[in-house]
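One structure is given below, encoded as structure tokens.
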Amino acid sequence: MRLYYKINTYGCQMNVHESEKIAGLLEGMGYSPCPEGEHADVIVFNTCCIRDTAERRALGNIGVTKAEKKRNPNVVIAVVGCMPQQDGAGEAIRQKYPYVDIVLGTRNISRLPDEIRRVLSSAQRRKSEGGKRYRGIDLQLPPDYLSTDESTPTVRTSYPNAWVNIIYGCNNFCTYCVVPYVRGRELSRSMTNVLDEVKRCVDDGYKEVTLLGQNVNSYGNDLSDGTNFAKLLHEIDKLDGKFRVRFMTSHPKDLTEAVMDEMASSSKICSNLHLPIQSGSDKVLKDMNRRYDRDRYLCLIEALRSRMPDIGITTDIMVGFPTETEEDFLDTMDIVRRVRFSNAFTFIYSPRKGTPAAKMEQIPYAIKQERISRLIKQQNAITKQLSDLYTGGVFEVLCEDVAPKFDNMVCGRTDSGRLVTFEGEPSDIGKFFNVRITASKSASLFGHKEEK
Ligand code: SAH
Ligand code: SF4
Ligand code: F3S
């Protein structure tokens with residue numbers, strides 16, 4: 001009889017990639033991915049707690065497994081990732097969802113196989129004793145990321161893209177953010193290990209590598225061997241083979257000239273940068289502890305565009321931070337018009353327990369909502385104007401997937417990160433095409449393959 005696993009993933013790319021490692025651990029134990037319509041024997045929730053909505057989504061779905069447990073008392077349910085790593089949250093999950101068998105934080109994912117074995121071997125005993133399955137896990141253990149990275153077989157699920165972690169954790173403590181509390185301090189992988197992994201991915205046929213970190217620009221700061229992000233990019237660019245390199249996320253305070261120079265001179269690193277701005281108000285940026293101001297941000301944009309005129313720049317923006325007045329919000333609207341981002345991910349500030357901003361006086365939700373809709377409307381118009389500029393041009397596109405809503409169509413991105421939908425078939429995935437853009441629709445472009 002085959003045993004199946006299902007992983008529900010919430011949150012950022014870091015979590016998506018960690019789920020690929022969890023899949024590797026589970027397949028190492030003999031489990032297979034659960035086919036549609038079958039019941040899983042192990043269900044894992046890899047959670048996020050960046051905003052209240054992310055937490056509620058995961059909690060709602062964890063609640064649904066109660067019925068699954070009733071149907072099959074032997075199903076093993078595990079909650080892992082950022083949510084349980086918050087102060088007191090592991091205990092709260094245990095109390096509220098007693099049918100959850102395993103709770104692990106971000107630091108000890110490699111213990112999952114042992115924990116599953118423990119649950120299964122105690123099942124018989126529990127039956128006779130009527131005891132609980134759950135055992136408290138020490139969420140304060142030192143991180144085991146690195147051993148997990150170097151020794152865990154990863155089941156990659158995003159061909160032709162491969163995620164590669166370069167740095168874990170965050171030292172920045174932006175006053176609204178929970179990440180430094182749940183992911184711990186910055187820890188860089190060695191350059192050799194990163195280069196080996198990138199090489200392996202390219203040898204295995206991956207056509208794009210996305211380097212991951214909460215702040216990739218501080219890569220190497222903790223290594224004391226002179227390694228830094230620019231040097232890493234330089235070495236990756238020298239590797240053989242045709243493949244693209246992207247990375248996220250870059251903190252504006254740490255983006256160096258050397259990194260911009262590497263991007264501009266490299267043949268593999270895409271002209272595409274995600275550079276979260278959060279706010280356009282100097283006062284709010286200060287209260288957020290972002291450690292740059294609007295002038296510095298605008299200088300960076302100019303420095304990037306003078307080196308790479310066609311660069312696609314995307315951002316994250318938050319509205320409704322406790323000290324944001326209407327005037328501050330208008331500063332954000334203003335800087336968004338000045339920069340002209342190709343796309344922006346916009347968020348309503350959500351107070352996170354234990355962070356400094358959560359203790360400040362909060363803005364009414366209705367005001368936050370009204371601000372975000374104004375911002376989205378303005379950004380959509382900019383996105384559309386910038387998309388229109390692509391029409392008529394020919395761009396190299398890496399085919400990444402079949403298009404979700406159209407028959408006989410595929411999609412991929414330009415070097416600058418623009419999504420393009422064009423005619424094609426599943427066998428095109430992983431190939432590069434020159435695509436002529438014939439139409440644009442907000443963030444999405446449409447076109448057809450050009451003969452090479
Ligand atoms: N390390 C990345 C961001 C990680 S979180 C960086 O510093 O850029 C991704 C985005 O979520 C952030 O850029 C921010 O815009 C948003 N975010 C973080 N904390 C939030 C909160 N408490 N409420 C709403 N949005 C938040
Ligand atoms: Fe959070 Fe700031 Fe760190 Fe990004 S840099 S993860 S927003 S604390
Ligand atoms: Fe969420 Fe954790 Fe990522 S809180 S955004 S999954 S680092």
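One-based numbering, in listed order, for ligands and for the atoms of each. Here, residue 1 is the first one in the sequence, and each next residue gets the next number.
- If you look at atom 1 (Fe) of ligand 3, the protein N, O or S atoms less than 2.8 Å from it are C48 SG.
- For F395 and Y390, the gap between ring centers is short of 6.0 Å.
- In the displayed structure, E326 atom CD is contacted under 6.0 Å by more than 12 heavy atoms of other residues, nucleotides or ligands.
- Among protein residues, I50, R51, Y176, Q214, T249, P276, Q278, R290, D316, M318, F347, I348, Y349, S350, R352 come within 4.0 Å of ligand 1, judged on heavy atoms.
- Heavy-atom separations between R290 and ligand 2 include at least one value shorter than 4.0 Å.
- Annotation: the span from S387 atom OG to N343 atom CG amounts to 8.0 Å, rounded to 0.5 Å.
- When the shell of 6.0 Å around CD of E302 is examined, it contains 12 or fewer heavy atoms from other residues, nucleotides or ligands.
- Ion pairing between a basic and an acidic side chain is recognised when a charged N comes within 4.0 Å of a carboxylate O; R305 and D310 show no such pairing.
- Within 6.0 Å of NZ on K268 lie more than 12 heavy atoms contributed by other residues, nucleotides or ligands.
- For atom 7 (S) of ligand 2, the closest non-hydrogen atom on the protein side is Y176 OH, 3.3 Å.
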The test is salt bridge (charged side-chain N to carboxylate O under 4.0 Å, His left out); show your working for K283 and E324 and say whether it passes. CA-CA 8 Å; K283 181 198 82 195; E324 184 187 79; over 6 Å; no
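- Aromatic pair H274/F345: ring centres closer than 6.0 Å.
- Looking at E257 and R307, a side-chain N of the basic residue comes within less than 4.0 Å of a carboxylate O on the acidic one, giving a salt bridge.
- Around atom 3 (Fe) of ligand 2, the protein N, O or S atoms closer than 2.8 Å are C170 SG, listed by chain and residue number.
- Residues passing the side-chain hydrogen bond (donor to acceptor under 3.5 Å, both in side chains) test with Y31: none are found, sequence neighbours excluded.
- A salt bridge does not link R51 with E55: none of the charged nitrogens is closer than 4.0 Å to a carboxylate oxygen.
- A salt bridge links R338 with D334: the distance from a Lys NZ or Arg NE/NH1/NH2 to an Asp or Glu carboxylate oxygen falls below 4.0 Å.
- Contact annotation: Q214 has at least one heavy atom less than 4.0 Å from an atom of ligand 3.
- Remark: K384 NZ is packed, more than 12 non-hydrogen atoms of other residues, nucleotides or ligands lying under 6.0 Å away.
- Taking a cutoff of 4.0 Å between a charged side-chain nitrogen and a carboxylate oxygen, D52 and R56 qualify as a salt bridge.
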